[in-house]
Visitor: 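I'd like to ask you about the structure that follows.
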Amino acid sequence: MAGNKFCLTTPAYYVNDVLHIGHAYCTIAADIIARFRRFAGDDVLFITATDEHGQKIEDAAKSAGIEPIALADRIVAHDKKVWERLNISYDDFIRTTEERHVRTVESVFNALYEKGDIYKGMYEGMYCTPCESFCVESQVKDNKCPDCARELERIKEESYFFKLSKYREKLLKHYEENPDFMKPHSRKAEMINIVEGGLKDLSVSRTAVKWGIPVPFDKKHVIYVWFDALINYISAAGYGNDDKKFSGFWPAELHLIGKEIYKFHVIIWPAMLFAMGLELPRTVFGHGWWTVDGEKMSKSKGNVVDPVKMADDYGVDVFRYFLFREVPFGVDGDFSEKALVVRYNTELANDLGNLLNRTLTMLEKYFEGKVPQPGDSKDEFRDMMEKSGARTVEYYNKYEISSALSEIMKSVGNANRYIESSAPWKLAKENREKLKEVLYDLIEAIRIITLLLAPFMPQTAEKIWEQLGLESKISGMTIRDISWGGLKPGTKVNKGLPLFPKDK
RNA sequence: GGCGCGGUAGCUCAGUUGGUUAGAGCAGUGGAAUCAUAAUCCACGUGUCGGGGGUUCAAAUCCCUCCCGCGCUACCA
């Protein structure tokens, strides 16, 4: 496992909108996995991106009275601050307006054109002149525009097409042979149906749009934003600009995305990669969506959750914890501050925070704050904790990060129960040797729990680490350090303030 | 319309390839304990597993059908 190259990505976020809980959710998930992979010894390339071309940006810039690139610059600066605030450890942040990306897109477009997988044709569709846009035909009723309800006309427009249809069988074969290509599995059937039902070639250029990457050999066309944006994954991985890097990091292990853009990532993008002769990412994981207090999130309702505000009000780690604790990773869920406060009080303050606090207090009280010499017998508690740790690692490996977190919290529960059943306060009077064993077990269990929890709550983990009195930095720890017995007897603990105070 | 995903305890949800009296957390009630942020631990659930039908020795789990909620339906992300 050690030394594996591990590339993972978030989507390229469109810069016409301010980041909300949905973007944060996806990026934090990627961050958790990236942190775990580094912990597991992998050489990680964690890529996030912004998608900056297209009609929407052009329009937004116009109404703001600035150039599109100026608008994008502004949003990008903001996004970077948000990611910093949320403790996102990305290795690369690529913008689709960057030179390295533009050149890659151009060369891909050229290559596919030469190969014949991109060809010039006519796009025919229902066009709404006032909206200046084509409408999705299946949504058109009575020849009226679904957006503005005005009359549509059927028009033809010159366009370049990507031969998506050519890759139908190859895609189906790939799905068949790689059961973990699409995760979670509940999203699979629909995609297979779509592909089986037949694929139409995809229009990949626009003449009405100005803000984008021009087709290299036909400048009146601009490359369709999706075709452009998807390529960010390989331009950031080094394709066309750093071959050595690219050969190490591609194929990506994981594309993390929201379910709304699943189709682009399991049908269109793989077909593009086939056309380029590149390998497909190992896994595309489509996570669910958040509602807020039971309602759909929307600007008009004014209930859009601002991740920075949540981090300010409750703490970054608490927010990160909640997102993956409340809802199984992959399905839809509901966000509410009320639920967040309940989890804070019960699980973080009462269970985890108090576990650390009571254990350190006993250590101070009975052993002057020094970790005692453990017994050499392998007890039931230790066995249980080791098994739980192994399960946690398995879940991480499968990207079932909510299950990983849930397993960690089970360990916390086990430790609290162990205190009750062994009653150290009695042992202090009756059985000094046994007391040593129990307290060593507890403090060692906390150390391991902290390592496993660190990808979710990096700052909290550091704080616990300090309180445990450990000299080495937690960031330097590896997966080998979760094996039992790593804590040296004699270590002087350093009890501090409660991790999760309850005066909220 | 087509395709897909859901409908399990008051609430939020787990339930792998069908198999002992259907589980967890939260909330509620009672109790124990005192190391601790009055935190912790234990005990307590007559749930039509959306409705109906079927397959089977056996179904929340497979098949059919109906009802309800949600999403997608391809190129203004």
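Owing to the predicted nature of the structure, the values given are computational and were not obtained by experimental measurement. Throughout, protein chains are lettered first and strands after them, A, B, ... in sequence-line order, and every chain is numbered starting at 1.
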Visitor: Considering only atom P, compute the distance from A60(B) to G7(B) and round it to an integer number of Å.
Guide: 14 Å
Visitor: According to a strict under-4.0 Å criterion, is K56(A) in side-chain N/O contact with OP1 or OP2 of A77(B)?
Guide: yes
Visitor: Once you round it to whole Å, what is the distance between P of C13(B) and CG of L405(A)?
Guide: 16 Å
Visitor: In whole angstrom, give the distance that lies between atom OH of Y344(A) and atom C1' of U12(B).
Guide: 21 Å
Visitor: Rounded to whole Å, please give me the gap between NE2 in H185(A) and P in U17(B).
Guide: 11 Å
Visitor: Counting the atoms with a prime plus P, OP1 and OP2 as sugar-phosphate, which does F162(A) contact under 4.0 Å by heavy atoms, base, sugar-phosphate, or nothing?
Guide: nothing
Visitor: Mind checking if F500(A) touches a base, just sugar-phosphate, or nothing, with heavy atoms under 4.0 Å?
Guide: base
Visitor: Suppose you measure atom P in G45(B) against the same atom in A22(B); what distance do you get, rounded to whole Å?
Guide: 12 Å
Visitor: Report the base-pairing partner of U40(B) (Watson-Crick or G-U wobble, both distances below 3.5 angstrom), or none.
Guide: A32(B)
Visitor: Paired with G2(B): which nucleotide, if any, by Watson-Crick or G-U wobble criteria at under 3.5 Å for both distances?
Guide: C72(B)
Visitor: When the C1' atoms of A9(B) and G52(B) are considered, how many whole Å apart are they?
Guide: 23 Å
Visitor: More than 12 non-hydrogen atoms from neighbouring residues, nucleotides or ligands closer than 6.0 Å to NZ on K120(A), yes or no?
Guide: yes
Visitor: Classify the side-chain pair T96(A)/N232(A) by whether it contains a donor and acceptor separated by less than 3.5 Å.
Guide: no
Visitor: Of the candidate nucleotides A36(B), C72(B), C26(B), which contains the atom at the shortest distance from the side chain of N357(A)?
Guide: A36(B)
Visitor: Give me the atom names and distance for the closest heavy-atom approach of D51(A) to A12(A).
Guide: CB-O, 3.7 Å
Visitor: Taking Y25(A) as the fixed residue, which of F329(A), F322(A), W289(A) is the one that meets the ring pair (Phe, Tyr, Trp, His ring centres under 6.0 Å) rule?
Guide: F329(A)
Visitor: Round to a whole Å and report the spacing from CD1 of I231(A) to C1' of A77(B).
Guide: 15 Å
Visitor: How far does the C1' atom of U56(B) sit from the matching atom of C64(B), given to the nearest Å?
Guide: 16 Å
Visitor: Between A33(B), C76(B), A74(B), which one does the side chain of L164(A) approach most closely?
Guide: A74(B)
Visitor: Got more than 12 heavy atoms from elsewhere within 6.0 Å of NZ, K495(A)?
Guide: yes
Visitor: Is U17(B) paired to anything, Watson-Crick or G-U wobble with both distances less than 3.5 Å, and if yes, which nucleotide?
Guide: none
Visitor: Should we count CD of E380(A) as having more than 12 external heavy atoms under 6.0 Å?
Guide: no
Visitor: Please classify the nucleic acid contact of L499(A) as base, sugar-phosphate, or nothing, using heavy-atom distances under 4.0 Å.
Guide: base
Visitor: Under 3.5 Å between N/O atoms: give me all the protein pairs with nucleotides 38-44 of chain B, atom names plus distance.
Guide:
{"residue": "A39(B)", "atom": "OP1", "partner": "K502(A)", "partner atom": "NZ", "Å": "3.4"}
{"residue": "A39(B)", "atom": "O5'", "partner": "K502(A)", "partner atom": "NZ", "Å": "3.1"}
{"residue": "A39(B)", "atom": "O3'", "partner": "N350(A)", "partner atom": "ND2", "Å": "3.3"}
{"residue": "A39(B)", "atom": "O2'", "partner": "N350(A)", "partner atom": "O", "Å": "2.9"}
{"residue": "A39(B)", "atom": "O2'", "partner": "N354(A)", "partner atom": "ND2", "Å": "2.6"}
{"residue": "U40(B)", "atom": "OP1", "partner": "D351(A)", "partner atom": "OD1", "Å": "3.4"}
{"residue": "U40(B)", "atom": "O2'", "partner": "R358(A)", "partner atom": "NH1", "Å": "3.2"}
{"residue": "U40(B)", "atom": "O2'", "partner": "E420(A)", "partner atom": "OE2", "Å": "2.8"}
{"residue": "U40(B)", "atom": "O2", "partner": "E420(A)", "partner atom": "OE2", "Å": "3.3"}

Visitor: For a quick check of understanding: with a heavy-atom distance under 4.0 Å over all strands, which category does P11(A) fall into, base, sugar-phosphate or nothing?
Guide: nothing
Visitor: Using a 4.0 Å heavy-atom cut-off across all strands, classify L360(A) as base, sugar-phosphate, or nothing.
Guide: nothing
Visitor: Using the P atom in both, what is the distance from U61(B) to C49(B), to the nearest Å?
Guide: 9 Å
Visitor: Test: side chain to side chain donor-acceptor pair (under 3.5 Å). Region: residues 422-433 of chain A. Which pairs qualify, not counting sequence neighbours?
Guide: E433(A)-K436(A)
Visitor: C41(B) and U55(B): how far apart are their P atoms, nearest whole angstrom?
Guide: 48 Å
Visitor: Under a 3.5 Å limit for both distances, which nucleotide forms a Watson-Crick or G-U wobble pair with U56(B), could you say?
Guide: none
Visitor: Tell me the closest heavy-atom pair linking V215(A) and S205(A), and the distance in Å.
Guide: CG2-CB, 4.2 Å
Visitor: Are there over 12 heavy-atom neighbours, none belonging to E67(A), within less than 6.0 Å of that residue's CD?
Guide: no
Visitor: Taking the same atom, C1', in A59(B) and in U17(B), what whole-Å distance lies between them?
Guide: 14 Å
Visitor: On a heavy-atom basis, which atom in Y262(A) and which in V284(A) lie closest, and how many Å separate them?
Guide: OH-O, 3.5 Å
Visitor: Pick the closest RNA chain B nucleotide for V225(A) and for G198(A) by heavy atoms, then say which residue is nearer the 5' end.
Guide: G198(A)
Visitor: Check the angle between the aromatic planes of W226(A) and H265(A) and answer parallel, tilted or perpendicular using the 30° and 60° thresholds.
Guide: perpendicular
Visitor: Would you classify T361(A) as touching base, sugar-phosphate or nothing, given that sugar-phosphate means primed atoms plus P, OP1 and OP2, and contacts are heavy atoms under 4.0 Å?
Guide: sugar-phosphate
Visitor: Let me know the distance between NE2 of H20(A) and C1' of A77(B), rounded to the nearest Å.
Guide: 12 Å
Visitor: Which base, if any, makes a Watson-Crick or G-U wobble pair with A24(B), both distances under 3.5 Å?
Guide: U12(B)
Visitor: Do the rings of Y175(A) and F181(A) sit parallel, tilted or perpendicular, given the 30° and 60° boundaries?
Guide: parallel
Visitor: Hey, does the side chain of E98(A) reach the backbone of R95(A) with a donor-acceptor pair shorter than 3.5 angstrom?
Guide: yes
Visitor: What integer number of Å spans the C1' atoms of G47(B) and U73(B)?
Guide: 38 Å
Visitor: Report which part of the nucleic acid A12(A) touches: base, sugar-phosphate, or nothing (heavy-atom distance under 4.0 Å, all strands).
Guide: base
Visitor: Now, which nucleotide makes the Watson-Crick or G-U wobble pair with G45(B), with each of the two distances under 3.5 Å?
Guide: none
Visitor: I want to confirm an ordering. Mapping I194(A) and I261(A) to their closest nucleotides on RNA chain B, which one lands closer to the 5' end?
Guide: I194(A)
Visitor: Have a look at G258(A) and say if it touches a base, only the backbone sugar-phosphate, or nothing, with a 4.0 Å heavy-atom cut-off.
Guide: nothing
Visitor: Rounded to whole Å, how long is the line connecting atom CZ of F324(A) with atom P of C13(B)?
Guide: 16 Å
Visitor: Rounding to an integer number of Å, can you tell me how far D293(A) CG sits from U12(B) C1'?
Guide: 14 Å
Visitor: Between the protein and nucleotides 4-9 of chain B, are there any N/O to N/O pairs under 3.5 Å, and if so, what are the atom names and distances?
Guide:
{"residue": "G4(B)", "atom": "OP1", "partner": "N193(A)", "partner atom": "ND2", "Å": "3.3"}
{"residue": "G4(B)", "atom": "O2'", "partner": "E190(A)", "partner atom": "OE1", "Å": "3.4"}

Visitor: Within this structure, what is the OH-to-P distance between Y321(A) and G25(B), rounded to whole angstrom?
Guide: 13 Å
